[in-house]
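Below is one structure, written out as structure tokens, with a few remarks after it.
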Amino acid sequence: MESRSNLIIVESPAKARTIEKILGKEYRVKSSFGHIRDLEKKELGIDIQHDFRPKYVVPEEKKKVVSELKKAVKDSSRIYLASDEDREGEAIAWHLSEVLGLSPDNSKRIVFHEITPPAIKEALQTPRDINHDLVNAQQARRILDRLVGYELSPILWKKVKPSLSAGRVQSVAVRLIVEREREIHRFEPKSYYRVTGEFYIVRDGKVSLVNAELSERFESREEAESFLEAIKDKRFRVADITRKPSERTPPAPFTTSTLQQEASRKLRFSVAYTMSLAQRLYEAGHITYMRTDSVNLSKLALGAAKKWITEHYGEEYSKPRQYKTRSRGAQEAHEAIRPTYLDKEKVPGSAAEQKLYDLIRKRTLASQMAPAKLEKTTITIVPEGSDKSFVATGETILFDGYLKVYSDKEEEEEGEGKGFLPPLEVGTPLQYKQITATERFTQPPARYNEAMLVRKLEELGIGRPSTYAPTITTIQQRGYVVKEDRPGESRQIHLLVLKEEKEKIEKKTKKETFGKERGKLFPSDIGMVVNDFLLDHFPDILDYNFTATIEKQFDEIAQGKMNWTEMIRRFYEEFHPKVEETERSTGRTTGERVLGKDPESGEEVIVKVGRYGPVVQLGRGEGDKKPRYARLRKGQLIETITLEEALGLFRLPRTVGTFEDTEIIASIGRYGPYLRHGNTFYSIPNGEDPHTITEERAIEIIREKREAEKKKVIRIFEEDPSLQVLNGRWGPYIKHGKKNYRIPKGQKAEELTYEACMEIIRKADEKKGKG
DNA sequence: CAGTGAGCGAGCTTCCGCTTGACTT
């Protein structure tokens with residue numbers, strides 16, 4: 001056998017490739033693809049009786065990796081376990097050493113702080129042994145999560161609904177959303193009046209305009225009106241001008257959480273989409289690792305940024321900085337997310353990848369740039385003899401600094417002229433062109449979108465960069481939460497307008513929409529019922545500080561100051577009795593709410609979570625009388641539905657009228673409101689109501705759909721009636737029997753012959769057969 | 001595609017954190 005090589009094992013294959021390139025032939029670098037062992041999945045996997053002894057197994061999908069690693073170990077004389085420098089990484093190293101049968105004689109633990117030749121060499125020169133305290137901290141974390149998840153979930157199966165789940169992280173995420181929703185429903189908007197004025201002065205034939213807002217708000221229309229009345233004939237003048245210099249410093253480079261937030265805000269990417277794009281960029285070698293809680297940049301990156309900024313913008317734009325992490329529980333095993341090569345402006349790949357890359361690159365550059373210098377000007381305008389004042393503010397950029405590449409405000413320069421104020425002096429008399437008191441309403445707290453939820457979880461120290469996206473997917477998959485758009489409602493607002501040339505105050509009304517939402521997280525009924533159940537019986541686990549509290553103990557274990565089995569035992573002795581107690585003492589939870597009585601039948605009206613989801617039930621079903629049921633509609637919640645709305649659900653299905661001697665029936669199904677005519681179904685368009693739809697309109701809908709159907713068929717063939725060229729939602733396609741086929745680019749649907757179609761079908765089937 | 005709801009019971013579901021593919025539409 002030829003010279004036995006050194007073997008390095010890292011977590012990620014992309015990382016393995018780069019390190020292999022740096023080190024050359026003497027080292028083989030392989031990847032473990034994360035953890036290689038875990039607790040047995042089908043059972044608890046913990047022997048409670050014997051000091052919580054974990055039962056670790058290599059899962060099926062990891063067997064191949066493990067056998068390859070075993071082979072590589074055989075061919076190597078020295079093995080370096082180079083997983084990440086954090087709790088999980090240490091545990092991975094330990095599991096590897098156990099499974100691969102390594103010993104301190106033939107294996108060492110090393111950590112890379114950067115993936116650069118000097119850093120890797122330094123790591124190889126400072127090997128150490130596995131830190132078992134750190135490994136134990138990880139085992140405690142793992143086992144606690146398993147105990148919580150695998151003891152709570154089955155209670156939910158029994159008491160609420162099968163297949164549900166609960167856990168240290170997901171249950172708190174759901175709680176945040178449920179509580180926010182309730183805050184929003186409890187919120188009572190209060191109206192107030194905001195007064196704005198347009199002032200001007202003519203000098204040397206030139207008009208200068210100033211927009212200002214009254215520094216005080218009024219609680220009622222009467223107050224606003226009497227104020228306008230009082231100033232109607234007054235003269236105005238500039239009472240004060242102040243200029244204040246200010247600085248704006250750039251934000252830190254991206255972590256997983258801040259990248260998700262910015263990509264959501266600026267690019268409208270979902271958290272999962274952002275991560276999959278970042279993964280591709282990482283694998284192609286364009287960016288550093290994308291699951292990180294660190295804002296650190298390597299020396300290499302700092303140098304590259306300084307060089308690029310100085311060369312392109314000048315020295316005054318460069319300001320090298322190292323940022324400090326402020327997030328709780330950060331482990332900082334990696335760098336911040338940054339481009340591998342800062343001078344690379346374009347990367348190959350999709351447009352979305354390029355956009356995300358651009359965001360990462362600009363954020364990294366900005367973080368190493370000088371702060372922007374601004375001047376904020378405030379002009380105070382006072383009506384003669386009044387103690388109230390109008391204020392106009394403007395901001396001018398004296399030096400743009402990092403703003404040259406990156407803007408961190410929602411909409412920089414919203415509303416024109418916001419930054420600009422005309423040159424005026426104290427004492428200048430002004431005339432008003434128009435003064436308007438506009439009714440406004442106080443705003444409820446904002447609903448979470450995915451990225452806002454990640455931010456909140458990170459703030460609470462709950463979850464890790466690698467789990468933010470999966471957690472959000474899980475709570476949606478379980479049906480606890482839905483991501484939705486809501487159209488919003490309309491309300492009337494009052495305006496009082498005072499115009500220069502008119503004597504009287506004009507009263508107007510205007511419509512505004514409020515509560516419009518896009519891509520926000522709403523709790524479902526099941527989410528609320530599960531949340532309340534858990535909060536009722538396991539308040540400690542659902543506590544926002546639970547993770548922070550146990551993390552302190554994990555830290556103690558990591559420092560060798562606490563025994564991990566002791567810690568788990570203490571936790572379990574508190575936790576488990578509550579599990580048993582809950583199992584014994586509580587009945588089925590349905591979140592039942594009694595809304596009142598149906599005035600027609602006198603029967604009780606109840607809403608609850610039924611076997612197939614939330615329903616309204618009419619009557620208790622005493623005697624021979626069976627209760628009637630109706631499903632709740634999208635957007636309706638057990639918690640907020642009114643008796644009126646609930647009774648409305650029983651008015652369907654309803655006969656709308658007759659068409660071609662057949663009844664038309666309107667109702668709401670799984671896919672929304674529909675009309676049924678004989679055996680054919682027609683959807684009722686958005687915004688129209690099956691309760692009130694007229695016979696006339698229903699017939700119109702049926703006719704329209706028939707027209708569309710006619711247009712749907714582009715070609716039919718005598719040779720084979722089961723073959724059709726149709727017009728579908730995504731354009732023309734071929735239908736043959738029950739199978740659909742795409743029409744290849746360059747072929748016109750209207751001109752396809754029978755032979756051409758059969759050729760397309762044959763080719764497509766052939767291709768499929770191979771794959 | 002599109003109305004469910006009484007009830008019998010077997011077998012299954014589930015956590016958090018580390019990592020990527022191999023799948024299908």
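From a predicted model like this one, the values you see are computed outputs, not experimental measurements. Just so it is clear: chains get the letters A, B, ... in the order the sequence lines come, proteins before strands, and each one is counted from 1.
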**Study point:** Sugar-phosphate only, base, or nothing, as touched by G89(A) at under 4.0 Å among non-hydrogen atoms
**Key:** nothing
Exercise for review: Check every strand shown and say whether Y282(A) touches a base, only sugar-phosphate, or nothing at a heavy-atom separation below 4.0 Å.
Suggested key: sugar-phosphate
Point to revise | Pair Y282(A), S12(A): side-chain N/O donor-acceptor within cut-off below 3.5 Å | key: yes
**Study point:** Y572(A) and E151(A) side chains, donor-acceptor separation under 3.5 Å
**Key:** yes
Exercise for review: Quick one: label V65(A) by what it contacts on the DNA or RNA (base, sugar-phosphate, nothing), any heavy atom closer than 4.0 Å.
Suggested key: nothing
Exercise for review: Looking at every strand, decide which applies to Y682(A) at a 4.0 Å heavy-atom threshold: base, sugar-phosphate, or nothing.
Suggested key: nothing
Review point. Taking atom types as they are modelled, is there a donor-acceptor pair under 3.5 Å from the base of dT4(B) to the side chain of R631(A)?
Key: yes
Point to revise | Any donor-acceptor N/O pair under 3.5 Å between dT14(B) base and S165(A) side chain | key: no
Review point. Do the side chain of R141(A) and the base of dC16(B) come within less than 3.5 angstrom through a donor-acceptor pair of N or O atoms?
Key: yes
Practice item. For Q617(A), report the nucleic acid contact type (base, sugar-phosphate, nothing); a contact means any heavy atom under 4.0 Å. Key: nothing
Practice item. Using a cut-off of strictly less than 4.0 Å, decide whether T467(A) has a side-chain nitrogen or oxygen near OP1 or OP2 of dG17(B). Key: yes
Review point. Just to confirm, is there a sub-4.0 Å distance from OP1 or OP2 of dG17(B) to any side-chain nitrogen or oxygen of Y468(A)?
Key: no
Review point. Do the side-chain N or O atoms of R464(A) get closer than 4.0 angstrom to the phosphate oxygens (OP1, OP2) of dC18(B)?
Key: yes
Check your understanding: Which part of the nucleic acid does P13(A) contact within heavy-atom distance under 4.0 Å: base, sugar-phosphate only, or nothing?
Key -> sugar-phosphate
Practice item. Go through the side-chain N and O atoms of S31(A) and E11(A) and say whether any donor and acceptor fall under 3.5 Å apart. Key: no
Check your understanding: Using a cut-off of 4.0 Å on non-hydrogen atoms, how would the nucleic acid contact of V148(A) be classed: base, sugar-phosphate, or nothing?
Key -> nothing
Review point. Considering only side-chain heavy atoms of P162(A), which listed nucleotide, dT13(B), dC16(B), dA2(B), is closest?
Key: dT13(B)
Review point. Would you say a side-chain N or O of S466(A) is under 4.0 Å from OP1 or OP2 of dC18(B)?
Key: yes
Review point. Does a nitrogen or oxygen in the side chain of R291(A) sit under 4.0 Å from OP1 or OP2 of dT20(B)?
Key: yes
Practice item. Check every strand shown and say whether A166(A) touches a base, only sugar-phosphate, or nothing at a heavy-atom separation below 4.0 Å. Key: sugar-phosphate
Check your understanding: Which part of the nucleic acid does G167(A) contact within heavy-atom distance under 4.0 Å: base, sugar-phosphate only, or nothing?
Key -> sugar-phosphate
Practice item. Return the stacking result for dT14(B) and W157(A): yes when the ring centres lie under 5.5 Å apart and the planes under 30°, no otherwise. Key: no
Exercise for review: With heavy atoms under 4.0 Å as the rule, sort S12(A) into base, sugar-phosphate or nothing.
Suggested key: sugar-phosphate
Point to revise | Donor-acceptor pair present, R142(A) side chain and dC15(B) base, under 3.5 Å | key: yes
Exercise for review: Check the side chains of S165(A) and R478(A) for a donor-acceptor pair under 3.5 angstrom, ignoring hydrogens and angles.
Suggested key: yes
Point to revise | Check ion pair R109(A)-E90(A) (N to O, under 4.0 angstrom) | key: yes
Review point. Across the strands shown, which category fits R478(A) at heavy-atom distances under 4.0 angstrom: base, sugar-phosphate, nothing?
Key: sugar-phosphate
